[in-house]
Every structure is written in C-alpha cells, then in structure tokens.
2 protein chains.
Amino acid sequence: MEVTNADYQTIDLQKKLKVFFQEDEKHHEFCPVRDIMDRFGDKWSLLAILNLGYSGKTRFNELRKKIDGISQRMLTVTLRSLERDGLITRKIYAEVPPRVEYELTSLGTSLLQQILGLAQWASGNMGEIAQSRLEYDSKLQ
Amino acid sequence: MEVTNADYQTIDLQKKLKVFFQEDEKHHEFCPVRDIMDRFGDKWSLLAILNLGYSGKTRFNELRKKIDGISQRMLTVTLRSLERDGLITRKIYAEVPPRVEYELTSLGTSLLQQILGLAQWASGNMGEIAQSRLEYDSKLQ
DNA sequence: CCGTATCCAACAGGATACTG
DNA sequence: CAGTATCCTGTTGGATACGG
C-alpha cells in the first residue's frame, strides 16, 4: 500500500489535533481557542498587528492612515488591549507636539507569524470561497 | 558580522509580509484580512472547525456536546455559514429519526492547519499573556 | 498630536417555544 | 433528531465633541 505525501500531512495534522485537545482539557475552564477569539475576534486587532509587523515602529496617526476605516477611538482601544496583553509596546516621547510610537514585542512577533499564515490562506482562497458562496446562494432559488 | 538564526527568521517574515501587503493592494476593496475576520471573528466558527477536524464526520447533536456552551440556534447558524463558504459539507440521511452529518472539506482542512497554528500559539502563550495583564492592571493603581 | 468622554445604533447571539 | 421562528438583551464600535 502506497503512502502519499498527503497521507503524511493528514496523520501529522491528526496528531497535532490530538495533542492540542489533550492540552486543552487540562486548562479546564480556560480554553485557549475561546481566549484567542475573545482577544482577536474583534474588528481591528489582527489588522493592527499585521500593519505593525509590516511597518515596524509606527506612530499613532501613521497607523491610523494604514488601517483603512478605523476610528480614532477604536485604534486607541485596540492598541491598549494589545499593550495590556504584552503584544506591543507604547513609547511616549516628551516632545511638543507629543509623539507616541508603537511596536510589536517578541511575543507579538511570534503571534504575527501565525496571523500571517491565516492571512495568506485567506488571500489565497478567497476566490474559492466567493465561488462557493455564489453557488450556495443560487441554490436557494 | 554574525547572522543568527533569528535574523533569518526575521528576514523571512519581512519578505512574507511584503508579498502579502502587495497582494493585498491588488484586491483593492476586498481585503482578505477583513474578510477572514468577518468570517471567523464570530464566537463559534473556529471552535466548530477545530472540533470537526478532531472528530471527523460528526452529527449535529454530537457536535453540540463537544462545543461547550453553544446553543442550538448558534450551532445551526455557524454550520450554515461554514457550509456556504465551502468549508464543510452537510449530508442528510433519509432515516427516521433523521441523521445529519457534517464534515470538513479539503478547503476546510487547509484552513484547519492555519487555525491549529493559531490555537497552539494561544495554548503555549496564554500564561505569558495572563502575566502581562496582571502587571498592566496593577500599574493602573 | 494623541488621545478621552459621551452618546447611540446595529447586530450578535442567548432563551424559549414550536415543527417535519 | 435536527432543526425554525420569535423575541429580547448585551456588547461592539461609529460619530461627535472636548482635553493635555
């Protein structure tokens, strides 16, 4: 019986899933999936991290221009919560007018790698998804 | 000048980011990051995909037991939107009582890989995040 | 320039009751 | 068993105005 490359990937995936679910049980009432969703399931966190990764150290209004459509309030809220989680740093320079620079921490950068994987997947498969939606909707008359 | 392993990783990450942002510009008003967040930024989609990946073909109420806390309504809503996007299949068996089985498509499985990466990251770093939150909160008096 | 404060609309999603 | 249908509440986040 032949074992293909795809088989190996499937086996590997199953193994990882098993490990993950076993780990998950230990945490009991603190499920990591739920926790990341509470954290990054908002509208702007992933975009902020991606942009900070791409641009490096960035000022508040710079970032605001890069993240299209974000309001001043939401950028503040988003950056604060990322800072609270240790994913970014916030440096204030005592100048007039004030200058504030945000930057990913190493923890934030490690998260960026995962997010980028997800973003690349989305970028590569958005066509197929859009197609699937069209077919699905057309079948509902 | 010495070039460390970490340096290589950083360069690689920067390259990927650059490619991604260039791709992103092409899509114009259809940003993949925003799109995935609209899709998976809800409360249950990621959990449903992870569980379907772990359990394979699964019936409605089986899945409901595995995804702790989900309501009947939200499981239906979540599964429908995943089906619409071509990430899962829904098979109805003409039996009494009815049996309906859900299963990841290959597209869904490819997404699962990315999600698992994110989930593992979360599982591995939740301690550090919790610690950071404690410190942050304590500094606010 | 970089925020905070307040107000408010939209929507996600829970509870419950009912059906093929 | 596997769903709809309806109702209702809490939260997200946009708009706007103001402050250090």
Side-chain angles (χ1 to χ4, degrees), chain A residues 31 33-49 51-52 55 57-85 88-103 136 139-141, chain B residues 31 33-49 51-52 55 57-85 88-103 136 139-141:
Chain A
C31 165
V33 186
R34 225 160 278 203
D35 203 49
I36 41 168
M37 284 325 294
D38 285 352
R39 192 87 309 288
F40 310 111
D42 63 21
K43 205 172 174 183
W44 303 109
S45 289
L46 294 195
L47 279 170
I49 292 171
N51 274 283
L52 277 173
S55 307
K57 203 181 296 180
T58 315
R59 298 182 61 168
F60 185 86
N61 277 331
E62 265 182 275
L63 205 50
R64 199 179 163 190
K65 277 173 219 155
K66 287 173 198 287
I67 306 176
D68 196 63
I70 195 170
S71 66
Q72 193 171 35
R73 186 180 109 87
M74 286 318 294
L75 183 54
T76 302
V77 170
T78 303
L79 291 172
R80 285 292 186 283
S81 83
L82 294 177
E83 188 197 359
R84 179 170 180 260
D85 287 355
I88 64 173
T89 56
R90 177 169 179 264
K91 260 195 198 129
I92 309 161
Y93 295 85
E95 304 173 357
V96 183
R99 180 161 55 109
V100 181
E101 287 179 344
Y102 295 92
E103 192 174 18
Y136 186 92
K139 280 170 189 163
L140 306 174
Q141 287 86 9
Chain B
C31 166
V33 187
R34 222 159 280 199
D35 203 48
I36 42 170
M37 285 326 294
D38 285 352
R39 189 88 306 291
F40 310 111
D42 64 21
K43 205 173 175 182
W44 303 110
S45 289
L46 294 195
L47 280 169
I49 292 171
N51 274 283
L52 277 173
S55 307
K57 204 180 296 180
T58 316
R59 299 181 61 168
F60 186 87
N61 276 332
E62 264 183 273
L63 206 50
R64 197 178 164 191
K65 276 173 218 154
K66 286 173 198 285
I67 306 176
D68 195 62
I70 196 169
S71 66
Q72 195 171 32
R73 186 181 109 86
M74 285 318 294
L75 183 54
T76 303
V77 169
T78 302
L79 290 172
R80 284 292 187 282
S81 81
L82 293 177
E83 188 196 0
R84 179 169 180 261
D85 286 355
I88 65 172
T89 56
R90 177 170 178 263
K91 261 197 196 127
I92 309 160
Y93 295 85
E95 304 173 355
V96 183
R99 179 161 56 108
V100 180
E101 286 178 344
Y102 294 90
E103 191 173 19
Y136 185 93
K139 281 172 190 164
L140 305 174
Q141 284 85 9

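Values reported hereafter were calculated over all heavy atoms of this structure, with side chains retained and with hydrogens, waters and symmetry mates removed. Just so we're on the same page: letters track the sequence lines, and every chain starts at 1.
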Notebook entry, point to check: Of all residues at least two apart in sequence or in a different chain, which pass the salt bridge (Lys or Arg N to Asp or Glu O under 4.0 Å) check with A:R84?
Noted result: B:D137
Next item on the list: With sequence neighbours excluded, tell me which residues meet side chain to side chain contact (heavy atoms under 4.5 Å, CB included) with A:I36.
Entry: A:F40, B:L118, B:A122
Margin query: Please enumerate all residues that pass salt bridge (Lys or Arg N to Asp or Glu O under 4.0 Å) together with B:R64, with sequence neighbours excluded.
Written below: none
Check: Checking B:S81 side chain against B:T78 main chain: does a donor-acceptor pair fall under 3.5 Å?
Finding: yes
Notebook entry, point to check: the helix from C:dC1-D:dG20 to C:dG20-D:dC1: angle between its terminal axes, five pairs each, to 10°?
Noted result: 50°
Check: In chain order, what residues pass the side chain to side chain contact (heavy atoms under 4.5 Å, CB included) check against B:D35, with sequence neighbours excluded?
Finding: A:R133, B:F30
Note to self: Going 5' to 3' along DNA chain C, between which two nucleotides do contacts with chain A fall, using a heavy-atom cut-off of 4.0 Å?
What the structure shows: C:dC1 to C:dT6
Note to self: Counting the atoms with a prime plus P, OP1 and OP2 as sugar-phosphate, which does B:Y102 contact under 4.0 Å by heavy atoms, base, sugar-phosphate, or nothing?
What the structure shows: sugar-phosphate
Checklist line | Which residues share a salt bridge (Lys or Arg N to Asp or Glu O under 4.0 Å) with B:R34, sequence neighbours left out | finding: none
Notebook entry, point to check: Taking protein heavy atoms under 4.0 Å as touching, what does nucleotides 13-20 of chain D look like 5' to 3' if B marks base contact, S marks sugar-phosphate-only contact and - marks none?
Noted result: BBB----B
Check: Could you walk me through whether A:I92 and A:R90 pass the side-chain contact (heavy atoms from CB on, under 4.5 Å) check?
Finding: CA-CA 7 Å; A:I92 309 161; A:R90 177 169 179 264; 3.6 Å; yes
Check: Mind checking what makes side chain to side chain contact (heavy atoms under 4.5 Å, CB included) contact with A:V33, not counting sequence neighbours?
Finding: A:F20, A:C31, B:L46, B:L47, B:L50, B:A119
Checklist line | A:E101: side-chain hydrogen bond (donor to acceptor under 3.5 Å, both in side chains) partners, not counting sequence neighbours | finding: A:Y93, A:R99
Notebook entry, point to check: Residues in side chain to side chain contact (heavy atoms under 4.5 Å, CB included) with B:E103, at least two apart?
Noted result: B:K57, B:T89
Next item on the list: Please state how far atom CZ in B:R90 lies from atom P in D:dA2, giving the value in whole angstrom units.
Entry: 10 Å
Can you list, pair by pair, the side-chain donor-acceptor contacts under 3.5 Å of residues 65-76 of chain B, counting residues two or more places apart and other chains?
{"residue": "B:S71", "atom": "OG", "partner": "B:M74", "partner atom": "N", "Å": "3.2"}
{"residue": "B:T76", "atom": "OG1", "partner": "B:Q72", "partner atom": "O", "Å": "3.1"}

Check: Does a side-chain N or O from B:R59 land closer than 4.0 Å to OP1 or OP2 of D:dA2, or not?
Finding: yes
Check: Quick one: A:F40 CZ to D:dT12 C1', roughly how many Å, whole number?
Finding: 17 Å
Margin query: Please confirm whether the shortest side-chain N or O distance from B:R80 to OP1 or OP2 of D:dT4 is below 4.0 Å.
Written below: yes
